[in-house]
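Quick note on labels: first sequence line is chain A, next is B, and so on, each numbered from 1.
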Amino acid sequence: MTAIQDGAFPETLAGIDIPLGLSRVLGKKPRYLSLLRKFLAGQKDTAAHIRSTLSANDTDTAERLAHTAKGTAGNIGASRLEGYAAELEQAIRIAIPPETMVPLLNQFDEALSEVITELEAKLPPERSPEPVGVDTEQLRDVCARMVQLLKEDDAAVDELLTMNSDLLFSAFPREFNGIKAAIRAFDLDAALARLEQAMRESILKS
Amino acid sequence: MDTACEPGNRSTILAVDDTPDNLLLMSNILGDEYRVKVAGDGEKALRIARSSAPPALILLDIMMPGMDGYEVCRQLKADDATKDIPVIFLTVKTELDYEMHGLELGAVDYIAKPIRPPILLMRVHNQLELKKHRDHLSALVAQRTRELEVANNRLKALDAGSRDYLRTISHELRTPLNGVLGIGQLALAAIPDEKLRADYQNYFSQSRERLLSAIDAALHLAELQNGSASIATVPIDLTDSIETVAADLHKSFIAKGLSFEFRRPKPVAILGAEELLRQTLTTLLQAAQKMATQHTDIVAHVDDEETRQTLRIVFQSPNISDELQRSFFDMFSPDRPCSHVEELGLALPLAAEVVRAMGGRVGIRKTVSGAEFHLSLLKDTAMRAAD
């Protein structure tokens, strides 16, 4: 019933301590995979972002970006990257001179690139939803629960989406990716707006 | 099968973090045991905390764009509706001063990132347990306070009611009683047999005296207790009063095979009201007579204390209970225990009230072989100076 297939789980990932990362999600591989995907989507361009914010003298944002990179690298078990991100964050906070900053940025950038490249190569593609016949009553029920969870800011909406992705994709082919992206980013207000819009334009209208 | 939509009785945890990865991680770890709500920024976190379904606990990231975790915590603690929700900070910053700052703001705990699931689960569980106990305790305290207030108000009403009642009853009894006693006297006079008439007359007189003095005592007691009467004290000699009362009771001492000995025959100057003091002494000695073992001595002596003279009346008696000390002079005590002093009726509470009104103290305490009354009265300093 789970939408993520376990078969293609990578054996090793350069720069990532898989057992450590798995322990952060209580050993649940589907959850670890979704965490890795989130990292890939969210951190891919972080080094470039930090460079541009630093050259724009926006050190607050640069520090926060390094801080987030440190936290998310720690979550997935990328310990070396986590360490470099921590050094970088500290360096930005105490405003060290640019010539000292460059090597720290470079080592962070290299470690991040290694992890990103590795993930892009080895992470099994997320199972794409497949078109299925839509049962109106079932759709109505799933949407009602989803609206309820979104209104209550309940994190369980993520799992509800995963469990019903075929149904939702088939019912809302145009809006599905937008709803999914908003839920994955936990921007639940936006997700609610998109879902209600999709419902109005679907077989559920009346 | 999909239990995510049926929160049931699970506690709700609010996770606040600007990084979706962290929210996912926390909801993954906590989702099996708790209902997890998520907020991506401080404003949203405050909205959820202030909603009609507030979380039981908040996991709060410190470093967020816009409103940071410290500010969210400060606003939560400043609002009565949210100040009791425990806050656990999540942070990579483990330096002491950051931690102190958070704890000063009212956070209950810190969890270092990267999050280790067993630690997170344990800390959350612990804080929820603590909160449960705190809530239970305050509910218990509030309930007990309410119960006490109700009980206290009822007692007050009962107390005031019983005093008014006593006064009304005394007045209401006295009028018809005069009629009954008058008719009774006429009826007695109509008895032809001289011997029978004398017996009845005797019994009638005793009953009348007891009834009248009970009504007087009740009225007086009520007036003293509700403050509508006070007692003016003058210097008197306690020795003189005791000797007068002992002489009056001489016959009843002999009738019960008791002897009375007073070991302070010289003047003892106190402040009191002569007639009321005599009544009080009579009551105490009568009570001692009723309780004392036959053919024993009742001994009285006076202790000269700094501001008071204390008369002690010591007697032998079996079966003095421990409750006696507390309830002996108490009119409404449920366990006024000595059936043999019951016929003194209101005289004992009246004596206690009279002594109190004279600025003195009266009590009874158990001794090895019996009991002793102690009656403390204020010294008359003027007379002592002249002494």
Test log, rule side-chain contact (heavy atoms from CB on, under 4.5 Å), inputs L25(B) and V25(A): CA-CA 7 Å; L25(B) 193 68; V25(A) 286; 3.6 Å; yes
Spacing of T72(A) atom OG1 and K113(B) atom NZ [to the nearest 0.5 Å]: 9.5 Å
Region of D17(B) in contact with chain A, defined by heavy-atom distances below 4.5 Å: neither
Euclidean distance, L149(A) CG relative to R35(B) CZ, rounded to 0.5 Å: 7.0 Å
Proximal component of I115(B), with respect to chain A [non-hydrogen, under 4.5 Å]: backbone
Validation row: D154(A), T12(B) side chains within 4.5 angstrom (heavy atoms): no
Any side-chain heavy-atom pair of S34(A) and L24(B) under 4.5 Å: yes
Atom CZ of R51(A) with >12 non-hydrogen neighbours under 6.0 angstrom: yes
Any side-chain heavy-atom pair of N28(B) and L26(A) under 4.5 Å: no
Under 4.5 Å from a heavy atom of chain A, the part of D41(B) involved: neither
Taking every non-hydrogen atom, the tightest pair across S23(A) and P117(B): O-CG, 3.1 Å
Approximate separation, where rounding is to 0.5 Å, of D21(B) CG and F186(A) CZ: 9.5 Å
Within-4.5 Å side-chain heavy-atom neighbours: M64(B) and R64(A): no
Toward chain B, the part of Q43(A) with a non-hydrogen atom under 4.5 Å: neither
Exceeds 12 heavy-atom contacts within 6.0 angstrom, atom CZ of R361(B): no
Side-chain heavy atoms of P114(B) within contact of E82(A), under 4.5 Å: yes
Distance-minimising heavy-atom pair for R184(A) and P20(B): O-CB, 3.7 Å
Presence of salt bridge, K28(A) and D32(B), under 4.0 angstrom: yes
From T68(A) atom OG1 to D18(B) atom CG, the distance as rounded to the nearest 0.5 Å: 5.0 Å
Heavy atoms from other residues, nucleotides or ligands near NZ of K122(A) exceed 12 (cutoff 6.0 Å): yes
Spatial distance of atom OG (S27(B)) from atom CZ (R31(A)) [nearest 0.5 Å]: 7.0 Å
N75(A) side chain near N22(B) side chain, heavy-atom distance below 4.5 Å: yes
K44(B) and D189(A), any side-chain heavy atoms less than 4.5 Å apart: yes
Contact leader toward chain A among P65(B), G31(B), P118(B), where contacts are heavy-atom pairs under 4.5 Å: P65(B)
